[in-house]
Engineer: 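I am attaching a structure below and will ask some questions about it afterwards.
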Amino acid sequence: MSIGTVKWFNATKGYGFIQPDDGSKDVFLHIADVQRAGIQEPREGDKLEYELQRGQQGKTSAGNLKRV
């Protein structure tokens with residue numbers, strides 16, 4: 001599991017990004033994964049624990065989310 005900070009999230013658009021604590025490239029955050037985790041709308045600065053997952057189009061995103 002990785003830990004990162006929500007860089008931004010737009011519920012209207014249905015996505016945002018997490019900035020990983022290890023300094024690696026930003027990770028895509030989709031609203032479906034947020035809802036699946038039962039997390040209320042993430043806000044800028046929130047800490048999340050996540051696993052990297054590969055989507056249908058081969059893009060990497062954050063899944064199995066938990067608040068830290």
Side-chain angles (χ1 to χ4, degrees):
M1 297 284 276
S2 300
I3 295 177
T5 305
V6 176
K7 195 170 184 178
W8 63 269
F9 186 81
N10 185 317
T12 305
K13 291 183 178 181
Y15 69 92
F17 288 90
I18 295 173
Q19 185 171 32
D21 284 358
D22 66 6
S24 60
K25 178 171 100 162
D26 290 353
V27 179
F28 184 76
L29 177 61
H30 193 270
I31 194 164
D33 294 303
V34 171
Q35 291 170 340
R36 201 172 299 129
I39 295 173
Q40 297 300 317
E41 184 177 331
R43 292 194 169 92
E44 184 178 327
D46 286 354
K47 285 280 197 185
L48 296 177
E49 187 176 54
Y50 62 93
E51 289 180 354
L52 291 177
Q53 61 186 16
R54 191 163 297 280
Q56 295 174 353
Q57 296 150 352
K59 294 183 180 180
T60 303
S61 65
N64 196 17
L65 305 166
K66 294 181 182 134
R67 284 200 189 268
V68 176

Engineer: Distance check, rounded to the nearest 0.5 Å: His30 atom NE2 versus Phe9 atom CZ?
Structural biologist: 8.5 Å
Engineer: Between CZ of Arg67 and CG of Asp46, what distance do you get to the nearest 0.5 Å?
Structural biologist: 4.5 Å
Engineer: Would you say Met1 ends up clustered with Leu65 if hydrophobic residues are merged whenever their side chains have heavy atoms under 4.5 Å apart, either directly or through other cluster members?
Structural biologist: no
Engineer: By side chain to side chain contact (heavy atoms under 4.5 Å, CB included), which residues pair with Gln19, not counting sequence neighbours?
Structural biologist: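 Listed in chain order: Asp26.
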Engineer: Mind listing the closest non-hydrogen atom pair of Lys47 and Thr5 along with its distance?
Structural biologist: NZ-OG1, 3.3 Å
Engineer: If you take all heavy atoms of Ile18 and Ala62, which pair is closest and at what distance?
Structural biologist: CD1-CB, 3.8 Å
Engineer: Should Tyr50 and Pro20 count as side-chain neighbours, where that means a heavy-atom distance under 4.5 Å?
Structural biologist: yes
Engineer: Once rounded to the nearest 0.5 Å, what's the spacing between atom CD of Glu41 and atom CD1 of Ile31?
Structural biologist: 7.5 Å
Engineer: Could you tell me if the side chain of Gln53 sits less than 4.5 Å from the side chain of Asp33, heavy atoms only?
Structural biologist: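 Side chain of Asp33 against side chain of Gln53, heavy atoms only: contact under 4.5 Å found.
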Engineer: If I take atom NZ from residue Lys7 and atom CD from residue Glu44, how far apart are they, to the nearest 0.5 angstrom?
Structural biologist: 10.0 Å
Engineer: Sequence neighbours left out, what passes ring pair (Phe, Tyr, Trp, His ring centres under 6.0 Å) with Tyr15? Give chain and number order.
Structural biologist: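 Tyr15 satisfies ring pair (Phe, Tyr, Trp, His ring centres under 6.0 Å) with Trp8, Phe28 once adjacent residues are dropped.
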Engineer: Considering all heavy atoms of both residues, which atom of Gly4 and which atom of Asp21 are nearest to each other, and what is their separation?
Structural biologist: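 Scanning both residues, the minimum pair turns out to be CA-OD1, 3.6 Å.
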Engineer: Can you tell me how far the CG atom of Leu48 sits from the NZ atom of Lys66, to the nearest 0.5 Å?
Structural biologist: 12.0 Å
Engineer: Any link between Ile3 and Leu29 through a network of hydrophobic side chains (Ile, Leu, Val, Met, Phe, Trp, Tyr) touching at under 4.5 Å?
Structural biologist: no
Engineer: Tell me the closest heavy-atom pair linking Val34 and Gln40, and the distance in Å.
Structural biologist: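 Heavy atoms only, the tightest pair is CG1-O, 4.4 Å.
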